[in-house]
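Read through the structure below, which is laid out as structure tokens, and then see the notes.
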Amino acid sequence: MSWVFLRDVLSGVNKYSTGIGRIWVAVVFMFRLLVYVAAAENIWKHEHDEFECNTKQPGCENVCFDHFFPVSHIRLWALQLIMVSTPSLLVVFHVAYRENREKYHNQKLYKNPGKIDGGLLCTYLISLILKTGFEIVFLVLFYKLYNGFKIPHLVKCDIKPCPNTVDCYISKPTEKMIFLHFLVATSCLCIVLNLGELSYLVFKYSMKYYLKRHVKKQQ
């Protein structure tokens, strides 16, 4: 899978982010995207082929694997990365709209098209809320699908066509567990950063609005 497009999106939104937003971009790019591409993708690459059950009953391994891993960890992570990065496009598109509007009218309509204020502030806040929401939804989804953030060494399966309760073994469970906890931790860190940035922007512009009203009253 090519991640060039996602890298370009993150690079583009970095120009219009606050300081906390730039930290979020760095965490997503370095500790999630690069770790996924360089290591995690290879660890789960042959997860189905390396899943073994102590029976030769045709179809047993397939149904057991499907039961315990209804969705591949690695594909779910890929979808999570895409979904949490996509809301940033709203900001990029809004800035592009401002720039095109200036070109169309052939005059300066904004002090800086990339400055977070007015309508762009609303777009930025919406993107933060969406990113936080997607992170939480995917963490809950992971927890529900796999009964917690753990990789068992052994699972017992009694689903037909298995002849009885059979033992099934997952390949490299310890290594997978380490990466699972690392990716969950970085996801939680991104939630904290998004909430911190959201609080910072709301507080900053609320104070700015309050001070402006206060000055008007004084005048």
Side-chain angles (χ1 to χ4, degrees), residues 1-10 23-88 131-194:
M1 181 174 184
S2 175
W3 293 96
V4 175
F5 175 72
L6 187 57
R7 182 200 64 193
D8 292 341
V9 169
L10 293 174
I23 296 173
W24 177 86
V25 171
V27 170
V28 171
F29 185 74
M30 294 178 65
F31 297 106
R32 296 180 74 174
L33 183 57
L34 289 183
V35 168
Y36 177 92
V37 173
E41 195 171 23
N42 291 325
I43 293 171
W44 272 270
K45 194 172 185 179
H46 304 291
E47 57 180 329
H48 186 272
D49 296 337
E50 295 171 351
F51 182 82
E52 294 182 357
C53 297
N54 61 352
T55 179
K56 296 298 181 183
Q57 178 68 33
C60 180
E61 281 189 6
N62 284 335
V63 295
C64 289
F65 183 84
D66 185 64
H67 176 73
F68 290 107
F69 301 99
V71 182
S72 169
H73 279 86
I74 208 68
R75 291 187 182 92
L76 203 55
W77 277 325
L79 183 60
Q80 182 185 17
L81 269 174
I82 292 167
M83 293 301 291
V84 299
S85 302
T86 300
S88 298
K131 285 191 287 189
T132 306
F134 283 135
E135 293 279 17
I136 294 171
V137 166
F138 274 96
L139 283 178
V140 172
L141 193 59
F142 268 109
Y143 191 87
K144 292 288 184 183
L145 282 174
Y146 306 114
N147 297 316
F149 303 115
K150 59 184 183 294
I151 304 288
H153 289 70
L154 168 72
V155 291
K156 294 186 177 291
C157 181
D158 58 357
I159 305 169
K160 291 182 180 181
C162 297
N164 45 48
T165 301
V166 299
D167 295 334
C168 295
Y169 303 91
I170 299 165
S171 68
K172 298 175 280 191
T174 304
E175 190 175 18
K176 287 178 179 178
M177 177 84 81
I178 291 169
F179 275 94
L180 175 62
H181 287 169
F182 178 81
L183 291 168
V184 168
T186 52
S187 183
C188 292
L189 176 59
C190 286
I191 291 173
V192 171
L193 289 171
N194 285 331

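Remember, it's a predicted structure, so these values are computed and weren't measured experimentally.
Looking at heavy atoms from C-beta onward, Val84 lies out of side-chain contact with Asn194 at the 4.5 angstrom threshold. Counting only heavy atoms from C-beta outward, the side chains of Trp77 and Arg32 never approach each other to under 4.5 Å.
Heavy atoms from other residues, nucleotides or ligands lying under 6.0 Å from CZ of Phe31 number 12 at most.
Rounding to the nearest 0.5 angstrom, the gap separating the CG atom in Leu141 from the CD1 atom in Ile136 is 13.5 Å. If you take CZ on Arg75 and CH2 on Trp44, they are separated by 13.0 Å, rounding to the nearest 0.5 Å. One distance of note links CZ of Phe138 with CG of Leu81; it measures 9.5 Å at 0.5 Å rounding.
Smallest separation of non-hydrogen atoms from His153 and Pro173: CD2-CG, 3.4 Å. Contact record, Ser85 with Trp24: CA-CH2, 4.4 Å, taken as the closest heavy-atom pair.
Met30 meets the side chain to side chain contact (heavy atoms under 4.5 Å, CB included) test with no other residue; sequence neighbours excluded.
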All N/O donor-acceptor pairs, side-chain side in residues 175-192, below 3.5 Å, sequence neighbours left out:
residue: Lys176; atom: NZ; partner: Ser171; partner atom: O; Å: 3.3
residue: His181; atom: NE2; partner: Phe149; partner atom: O; Å: 3.0
residue: Thr186; atom: OG1; partner: Phe182; partner atom: O; Å: 3.2
residue: Thr186; atom: OG1; partner: Leu183; partner atom: O; Å: 2.8
residue: Ser187; atom: OG; partner: Gln80; partner atom: NE2; Å: 3.3
residue: Ser187; atom: OG; partner: Glu135; partner atom: OE1; Å: 2.7

Which atom pairs, donor and acceptor, lie under 3.5 Å between side-chain atoms of residues 60-72 and protein residues at least two apart or in another chain?
residue: Glu61; atom: OE2; partner: Cys53; partner atom: N; Å: 3.1
residue: Asn62; atom: OD1; partner: His48; partner atom: NE2; Å: 3.0
residue: Ser72; atom: OG; partner: Glu47; partner atom: OE2; Å: 2.5
residue: Ser72; atom: OG; partner: Ile74; partner atom: N; Å: 3.4

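Counting only residues at least two apart or on different chains, the salt bridge (Lys or Arg N to Asp or Glu O under 4.0 Å) pairs with a member in residues 150-164 are Lys156-Asp167.
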